[in-house]
Amino acid sequence: MRVRGGGASSTVADGRHERLALATDLDEPTVVLVDNFSDNWSKWLADNPDVAGVLGDYRLIATINDVEIRSKAH
């Protein structure tokens, strides 16, 4: 998964690009970790309509230290 640091120079277009990259990256993995420990990524995913449905095919297996472990439903 691509991760890029933000900053004062980040733009709305950068955010859209990153969300699109995330949706593309999640096309193949069988396991996904969603980090809610250092930040509330579950909320971020739900609040962004272009990626909100990305985790729809992944079921929650466990949550450890606020990190969700999700597996692709077969």
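Just so it is clear, the values below take in all heavy atoms, side chains as well, and ignore hydrogens, waters and symmetry mates. Throughout, numbering of the chain's residues begins at 1 and tracks the sequence.
Sequence neighbours left out, the pairs with a member in residues 33-46 that pass salt bridge (Lys or Arg N to Asp or Glu O under 4.0 Å) are Lys43-Asp47.
Taking CG of Asp57 as the start and NZ of Lys72 as the end, the distance is 5.0 Å to the nearest 0.5 Å. Between atom CD of residue Glu68 and atom CD1 of residue Ile61 there is a gap of 11.5 Å, rounded to the nearest 0.5 Å. Atoms OG1 and CD1, on Thr63 and Ile69 in that order, are 7.5 Å from each other to the nearest 0.5 Å.
In this structure, the side chains of Val34 and Val67 stay at 4.5 Å or more apart for every pair of heavy atoms.
A side-chain donor-acceptor contact under 3.5 Å links Asn36 to the backbone of Ser42.
Cluster membership check: Leu33 shares its hydrophobic cluster with Ile64, using side-chain heavy-atom separations under 4.5 Å among Ile, Leu, Val, Met, Phe, Trp and Tyr.
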